[in-house]
Asks: 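One structure, as structure tokens, below. Some questions next.
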Amino acid sequence: MRTLTYFIATTVDGFIGAPDGDADFLHGHLDAEFVGHLAAEYPETISAGGRAQLGIEDAAPKRFDAVLMGRRTYEPGLKVGMTSPYGHLREQYVVSRSLGVAPDPRVTVISGDVAAKVRELKARDGLGIWLCGGADLAGQLADEIDAYVVKTYPVVVGTGMPMSRAGFGVRPLELTGCTVLGGGQTVTSYTVKR
């Protein structure tokens with residue numbers, strides 16, 4: 001059975017974006033070692049444009065062959081004409097009640113019961129499913145998430161968009177790995193204890 005992994009970038013104080021959701025400020029904390037680590041360990045999580053810049057267009061997925069994102073996560077790429085940001089993956093899903101039809105045939109819009117759709121995707125053969133963001137979608141899928149990979153950037157912002165809008169609930173995790181990089185970033189992985 002496939003697993004749903006919330007693979008997300010955050011500040012030290014747990015925010016994935018500014019109060020309006022913009023996460024551009026995190027890009028200032030990408031150094032060569034960190035980008036190299038992501039390219040080597042999680043190449044499928046780098047968008048098509050980034051893969052071309054890094055020369056890894058043909059890198060095979062290691063962990064995920066499907067991506068699930070909210071409309072607000074999908075929109076920045078869409079605004080610059082990137083209709084299929086992860087076309088190297090077998091499946092791309094955007095959860096939206098307002099988007100209607102996807103602007104690219106390689107992208108599927110989910111407008112109904114997203115948790116039911118995730119359970120259906122988990123039952124299919126393949127690699128894992130990457131929950132790309134954002135906070136609202138992570139909140140809706142809190143009980144479906146099987147693992148977390150948290151890329152923590154060395155910055156504190158004080159307020160903003162949290163990692164999840166699931167509301168209070170204790171969800172125990174088991175630490176499965178931690179990589180500390182020279183630029184102060186950490187990549188920490190957890191599985192959900194069931």
Side-chain angles (χ1 to χ4, degrees), residues 1-26 29 38 42 44-45 63-77 85-86 89 91-99 107-124 126-179 185-194:
M1 179 168 248
R2 295 164 93 187
T3 58
L4 178 66
T5 300
Y6 191 20
F7 181 88
I8 194 70
T10 182
T11 64
V12 169
D13 50 351
F15 296 104
I16 63 173
D20 67 356
D22 185 356
D24 284 348
F25 69 91
L26 289 173
H29 302 280
L38 294 180
Y42 302 93
E44 64 272 37
T45 65
R63 293 172 171 82
F64 313 116
D65 62 1
V67 62
L68 178 69
M69 64 190 107
R71 179 191 50 80
R72 286 189 289 189
T73 300
Y74 181 59
E75 268 183 357
Y86 302 102
L89 295 178
E91 305 164 82
Q92 296 176 87
Y93 299 95
V94 176
V95 178
S96 174
R97 289 179 198 78
S98 61
L99 189 58
V107 175
T108 302
V109 174
I110 300 170
S111 60
D113 184 345
V114 67
K117 183 64 176 180
V118 165
R119 288 189 292 275
E120 176 191 319
L121 294 174
K122 284 181 174 184
R124 295 181 188 172
L127 297 177
I129 305 159
W130 165 31
L131 174 56
C132 183
D136 293 331
L137 186 54
Q140 292 174 53
L141 295 172
D143 294 332
E144 298 298 330
I145 296 172
D146 302 296
Y148 292 82
V149 176
V150 183
K151 301 172 292 178
T152 306
Y153 293 69
V155 63
V156 173
V157 295
T159 189
M161 181 179 286
M163 279 182 54
S164 174
R165 295 196 199 280
F168 183 79
V170 178
R171 295 170 181 91
L173 305 175
E174 180 178 340
L175 178 68
T176 56
C178 184
T179 302
Q185 308 90 350
T186 62
V187 180
T188 311
S189 54
Y190 304 90
T191 57
V192 175
K193 288 185 179 181
R194 302 254 188 239

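Note: hydrogens, waters and symmetry copies are ignored here, and every other heavy atom, side chains too, is used.
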Asks: Where the side chain of Thr176 meets the backbone of Ser189, is there a donor-acceptor pair that is under 3.5 Å apart?
Replies: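 Present.
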Asks: What is the minimum heavy-atom distance between Ser96 and Ser98, and which atoms define it?
Replies: OG-N, 3.1 Å
Asks: Rounded to the nearest 0.5 Å, how far apart are CG of Leu131 and CD1 of Ile8?
Replies: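 It is 7.5 Å, given to the nearest 0.5 Å.
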Asks: Does the pair Arg194/Asp146 count as a salt bridge with the N-to-O cut at 4.0 Å?
Replies: yes
Asks: Could you check whether any side-chain N or O of Glu44 sits under 3.5 Å from a backbone N or O of Asp65, counting only pairs where one atom can act as donor and the other as acceptor?
Replies: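 Not a single qualifying donor-acceptor pair exists.
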Asks: For Tyr93, which residues count as a ring-ring contact (aromatic ring centres under 6.0 Å, His included) partner, sequence neighbours excluded?
Replies: none
Asks: If we only count heavy atoms from C-beta on, is the His29 to Val155 side-chain gap below 4.5 Å?
Replies: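 His29 vs Val155: side chains touch.
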Asks: How close do Leu89 and Ala66 get, counting heavy atoms only, and between which atoms?
Replies: CD1-C, 4.1 Å
Asks: Under 3.5 Å, which donor-acceptor pairs do the side chains of residues 107-117 form with other protein atoms, sequence neighbours left out?
Replies:
residue, atom, partner, partner atom, Å
Asp113, OD1, Ala115, N, 3.2
Asp113, OD1, Ala116, N, 3.1
Lys117, NZ, Glu120, OE2, 3.2

Asks: Do any side-chain atoms of residues 147-154 form donor-acceptor pairs under 3.5 angstrom with protein atoms, and if so which ones, sequence neighbours left out?
Replies:
none

Asks: Are the side chains of Val156 and Thr11 in touch, meaning some heavy atoms are under 4.5 Å apart?
Replies: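 No, too far: nothing below the 4.5 Å cut-off.
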Asks: Heavy atoms, side chains only, cut-off 4.5 Å: are Ile129 and Lys122 in contact?
Replies: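 Heavy-atom side-chain distance check passes, below 4.5 Å.
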Asks: Measuring from Trp130:CH2 to Gln92:CD, what's the distance to the nearest 0.5 Å?
Replies: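 One gets 9.5 Å once the value is rounded to the nearest 0.5 Å.
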Asks: What pairs with Tyr42 under ring-ring contact (aromatic ring centres under 6.0 Å, His included), at least two apart in sequence or on another chain?
Replies: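 Listed in chain order: Phe7.
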Asks: Could you tell me the separation between the CZ atom of Phe64 and the OH atom of Tyr86, rounded to the nearest 0.5 Å?
Replies: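 Reported value, rounded in 0.5 Å steps: 11.5 Å.
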Asks: Looking at CG of Asp13 and OG1 of Thr159, how far apart are the two atoms once the value is rounded to the nearest 0.5 Å?
Replies: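 Atom-to-atom, Asp13:CG and Thr159:OG1 are 8.5 Å apart.
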Asks: Look up atom CD1 in Ile145 and atom OG1 in Thr191, then write down how far apart they are to the nearest 0.5 Å.
Replies: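 If I round to the nearest 0.5 Å, the distance is 13.0 Å.
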Asks: Show the atom names and distances, to 0.1 Å, of all donor-acceptor pairs under 3.5 Å that link a side chain in residues 132-144 to residues at least two apart or in another chain.
Replies:
residue, atom, partner, partner atom, Å
Asp136, OD1, Arg165, NE, 2.9
Asp136, OD2, Arg72, NH2, 2.5
Glu144, OE2, Arg119, NH1, 2.7

Asks: Identify the heavy atoms of Gly126 and Arg2 that sit nearest to each other, and give their distance.
Replies: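 Here Gly126 and Arg2 meet closest at O-CG, 3.6 Å.
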Asks: Ignoring hydrogens and geometry, is there a side-chain-to-backbone donor-acceptor pair from Thr186 to Thr188 under 3.5 Å?
Replies: no
Asks: Go through the structure and list residues passing side chain to side chain donor-acceptor pair (under 3.5 Å) with Asp22, not counting sequence neighbours.
Replies: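 For Asp22 there are no side chain to side chain donor-acceptor pair (under 3.5 Å) partners, ignoring immediate neighbours.
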